[in-house]
Amino acid sequence: MSRPPFDRASDEVLARTARYCQSYRAGQRPLDPTASPREIRDRFCTPLGAQGQPASEVIDALIAAAEPGLVGSTDPGFFAWVIGGSDLVGVAADWLCSTWGQNAAIYQSSPAAAIAEEAVSAWLLELLELPRDSSVGLVSGATMATFVGLAAARGEVLARHGHDYDALGLQGAPLVRIYLSDDAHVANYSALRQLGFGEANLHRLPSDAAGLMHPRDLAEAMEAHSGPKIVIAQAGHINSGGFEALAEIAELARAQDAWMHVDGAFGLWARASITRRHLAAGAELADSWSIDGHKWLQLPYSSGFAIVRHPDAHRRAMRMEAGYLNAAEEDGRSPSAYVPELSRRAQGFAAWAVLRHLGRNGVAEMVERHCQAARTLAQGIERLDGLCVLNRVELNQVIVGCAHPEDEGRQLLPALCARLNAGQRNFVRTAQWKGRTVLRVSVISKGTGPEQIEALLAAISDAWQDVARQAEEPAP
């Protein structure tokens with residue numbers, strides 16, 4: 001069967017876009033947006049014309065409108081959030097994904113997409129050393145992965161206590177008690193709310209200086225409740241990078257017939273590293289796990305993985321049935337059996353490409369390099385008078401605070417942040433944590449290594465001296 005001739009205008013717009021993308025990723029560009037919200041809005045929010053415009057003009061206009069408002073999240077000098085740098089192999093595979101235009105809903109809508117996800121699922125379970133018979137859903141990120149894992153948990157713990165969620169929903173259900181740190185990531189609270197849980201369900205356990213709950217507090221709290229229980233444990237706190245005592249928590253959960261979910265958005269990747277896997281020891285004992293692909297795996301957005309030890313509970317929570325969802329006995333895995341979406345992007349292609357590109361050793365090397373870089377940064381900051389590191393740096397997170405309590409209210413760290421960003425070679429952000437303003441440094445961009453850390457340390461040293469000196473000068 002012959003194909004229609006390729007349109008020359010389409011050929012040109014794809015070619016010029018590819019040239020621009022190569023130039024964008026190869027060049028040095030500002031890391032901080034260079035335009036105000038109003039200027040960006042003026043470029044994007046124009047009247048929609050009655051007539052369309054040529055494709056090349058539209059792409060040029062999009063580039064012109066977006067560039068001043070872009071953040072340099074793919075740059076090795078980006079330290080503001082735990083984001084990741086979009087590996088170029090994944091970007092290229094993502095281009096192919098868009099070009100192929102596959103709907104990864106059921107096996108028959110794209111056999112290639114379905115089996116790519118099958119391969120990725122097996123590789124992930126091997127890489128992370130999780131139970132090999134677990135089921136995996138490829139979702140948009142760790143928030144949705146948390147939603148999927150906790151949806152499976154909801155139905156399962158209610159069934160253990162005689163309630164049929166499929167028939168009754170939450171109507172008349174026994175109270176499900178959910179235990180988590182009072183400093184757990186906001187994604188957990190969001191997913192729980194979306195699943196129909198409210199404050200009456202939540203038991204927020206006190207957190208230590210690293211934002212982590214203590215197994216002793218968890219044991220006492222669970223003893224006080226006889227109904228269905230879910231425990232959410234942290235593998236990599238978003239600020240401190242700390243890990244809860246996963247093995248102890250798993251033992252408590254099993255003793256109480258509770259479901260244990262591990263929030264491992266970025267920290268679970270430590271299990272791929274020989275030198276860091278001890279941090280997440282015991283994670284394999286959980287019932288479900290949520291993890292991001294765009295963080296340490298460096299996949300393009302959107303990418304996350306919902307992993308569930310109990311495939312039947314997973315499929316039951318995500319079940320979709322309709323006469324038009326064709327299925328044959330010889331079909332492979334249907335992706336939508338493990339995720340909330342039906343029509344969905346074929347996320348498995350980019351994940352397959354990046355995992356194959358990096359291999360087990362490549363993922364391990366990247367995790368180890370970033371963790372060592374974070375430790376080097378922390379050691380350098382500790383040598384600067386007036387600054388201190390507030391967390392135990394075992395992973396990739398460094399939390400910087402003022403060493404002297406009297407400096408807390410003088411806005412020195414926001415001033416330091418502004419100075420660093422003004423140089424346009426590093427990008428950082430402050431945060432509020434444990435009642436303090438802190439500078440939060442996340443080392444996770446693929447290209448970040450000793451050279452970038454040395455440059456960041458020099459920039460922090462210079463900027464801090466200026467900020468501290470100006471703070472001491474009398475007001476005019």
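Any value given below was found using the heavy atoms of this structure, including those in side chains, with hydrogens, waters and symmetry copies removed.
- More than 12 non-hydrogen atoms from other residues, nucleotides or ligands lie less than 6.0 angstrom from CZ of Arg160.
- Formation of a donor-acceptor pair under 3.5 Å by the Asp75 side chain with backbone atoms of Gly72 is not found in this model.
- With a 4.5 Å cut-off on side-chain heavy atoms, Trp269 and Leu128 count as touching.
- Between the side chain of Ser303 and the main chain of Leu299, no donor-acceptor pair closer than 3.5 Å is present.
- Annotation: side chain of Tyr338 is not in contact with side chain of Phe305 (no heavy-atom distance under 4.5 Å).
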Please evaluate residues Arg276 and Glu394 with respect to the criterion salt bridge (Lys or Arg N to Asp or Glu O under 4.0 Å), reporting the C-alpha separation (whole Å), side-chain torsions for both, the decisive distance (0.1 Å), and the verdict.
CA-CA 8 Å; Arg276 295 300 190 280; Glu394 294 184 303; over 6 Å; no

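- Lys229 contributes no side-chain N or O that, together with a main-chain N or O of Met260, makes up a donor-acceptor pair within less than 3.5 Å.
- In plain terms, the two heavy atoms of Ala281 and Leu246 that are nearest each other are O-CB, 3.5 Å.
- A distance-only check finds a donor-acceptor pair linking the side chain of Gln347 to the backbone of Ser302 [under 3.5 Å].
- Surrounding CD of Glu251 are at most 12 heavy atoms belonging to other residues, nucleotides or ligands under 6.0 Å away.
- Within a 6.0 Å sphere centred on CD of Gln379, heavy atoms belonging to other residues, nucleotides or ligands number more than 12.
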Determine whether Thr275 and Ser273 satisfy the following criterion, side-chain hydrogen bond (donor to acceptor under 3.5 Å, both in side chains), listing intermediate values before the conclusion.
CA-CA 5 Å; Thr275 64; Ser273 158; 3.2 Å; yes

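- Under 4.0 Å is where a charged nitrogen must lie from a carboxylate oxygen, and between Arg277 and Glu368 no such pair does.
- At a threshold of 4.0 Å, the pair Glu284-Arg271 counts as salt-bridged, since one of the basic side-chain nitrogens sits closer than that to a carboxylate oxygen.
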Would Ile460 and Leu387 satisfy side chain to side chain contact (heavy atoms under 4.5 Å, CB included), going step by step from the backbone distance to the final call?
CA-CA 10 Å; Ile460 290 174; Leu387 291 177; 4.0 Å; yes

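- Between Leu420 and Phe79, every side-chain heavy-atom pair lies at or beyond the 4.5 Å cut-off.
- At distances below 3.5 Å, not a single donor-acceptor pair connects side-chain atoms of Glu244 with backbone N or O atoms of Leu212.
- Taking both residues in full, the closest heavy atoms of Ser98 and Arg345 are given as OG-NH2, 2.8 Å, listed atom of the first, atom of the second, then distance.
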Given the rule in the side chain to side chain contact (heavy atoms under 4.5 Å, CB included) test, do Asp217 and Met213 qualify, once you have shown the distances and angles that lead to the verdict?
CA-CA 7 Å; Asp217 296 329; Met213 65 179 172; over 6 Å; no

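- Side chains of His261 and Thr146 form a contact here, defined as non-hydrogen atoms less than 4.5 Å apart.
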Start with the C-alpha gap between Arg309 and Asp133, add the side-chain angles, then the distance that decides, and say whether salt bridge (Lys or Arg N to Asp or Glu O under 4.0 Å) holds.
CA-CA 7 Å; Arg309 178 189 290 274; Asp133 56 352; 5.9 Å; no

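- Looking at Asp94, its side chain never comes within 3.5 Å of a backbone N or O of Ala350 through a donor-acceptor pair.
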Step by step, work out the side-chain hydrogen bond (donor to acceptor under 3.5 Å, both in side chains) result for Gln298 and Lys446.
CA-CA 7 Å; Gln298 312 290 329; Lys446 184 184 179 184; over 6 Å; no

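- Listed for the Ser190 side chain is no donor-acceptor partner under 3.5 Å among the backbone atoms of Val186.
- Counting only heavy atoms from C-beta outward, the side chains of Glu156 and Pro228 never approach each other to under 4.5 Å.
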Under 3.5 Å, sequence neighbours excluded: what are the donor-acceptor pairs made by side chains of residues 353-365?
{"residue": "Arg360", "atom": "NH1", "partner": "Glu126", "partner atom": "OE2", "Å": "3.0"}
{"residue": "Glu365", "atom": "OE1", "partner": "Arg369", "partner atom": "NH2", "Å": "3.3"}
{"residue": "Glu365", "atom": "OE2", "partner": "Arg369", "partner atom": "NE", "Å": "2.8"}

Test side chain to side chain contact (heavy atoms under 4.5 Å, CB included) on Ile291 and Phe266 and set out the steps.
CA-CA 6 Å; Ile291 187 167; Phe266 65 101; over 6 Å; no

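- Across every non-hydrogen atom of Gly211 and Ser181, the tightest pair is O-OG, 3.0 Å.
- Around atom CZ of Arg383, no more than 12 heavy atoms belonging to other residues, nucleotides or ligands sit under 6.0 Å away.
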Kindly indicate, with the supporting measurements, whether the criterion salt bridge (Lys or Arg N to Asp or Glu O under 4.0 Å) is fulfilled by Arg254 and Asp257.
CA-CA 5 Å; Arg254 290 187 176 184; Asp257 201 23; over 6 Å; no

Apply side chain to side chain contact (heavy atoms under 4.5 Å, CB included) to residues Leu31 and Asn421 and explain how you reach the verdict.
CA-CA 8 Å; Leu31 275 67; Asn421 291 342; over 6 Å; no

Walk me through whether Arg154 and Tyr165 qualify under side-chain hydrogen bond (donor to acceptor under 3.5 Å, both in side chains).
CA-CA 8 Å; Arg154 179 184 60 186; Tyr165 178 82; 2.9 Å; yes

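- Counting only heavy atoms from C-beta outward, the side chains of Leu158 and Leu170 approach each other to under 4.5 Å.
- In this structure the side chain of Asn239 never reaches within 4.5 angstrom of the side chain of Gln397, judged on heavy atoms.
- Closest non-hydrogen pair, Leu413 versus Cys402, comes out as CG-SG, 3.9 Å.
- Here Asp331 pairs with Gln108 under the side chain to side chain donor-acceptor pair (under 3.5 Å) rule; sequence neighbours left out.
- Between Asp183 and His237 the shortest side-chain heavy-atom distance falls below 4.5 Å.
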Before you tell me yes or no, could you show the steps for His370 and Trp296 under side-chain hydrogen bond (donor to acceptor under 3.5 Å, both in side chains), namely the whole-Å CA-CA distance, both residues' side-chain angles and the distance that decides it to 0.1 Å?
CA-CA 10 Å; His370 288 158; Trp296 244 321; 2.8 Å; yes

Does the salt bridge (Lys or Arg N to Asp or Glu O under 4.0 Å) test come out yes or no for Arg204 and Glu199, once each step is laid out?
CA-CA 10 Å; Arg204 303 169 193 255; Glu199 286 297 324; 2.5 Å; yes

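- A distance-only check finds a donor-acceptor pair linking the side chain of Asp182 to the backbone of Ser207 [under 3.5 Å].
- Put simply, the side chain of Thr448 never gets that close to the backbone of Ile444: no donor and acceptor are under 3.5 Å apart.
- Listed by chain and residue number, Thr437 satisfy the side chain to side chain donor-acceptor pair (under 3.5 Å) test with Gln432 (two or more places apart in sequence, or in another chain).
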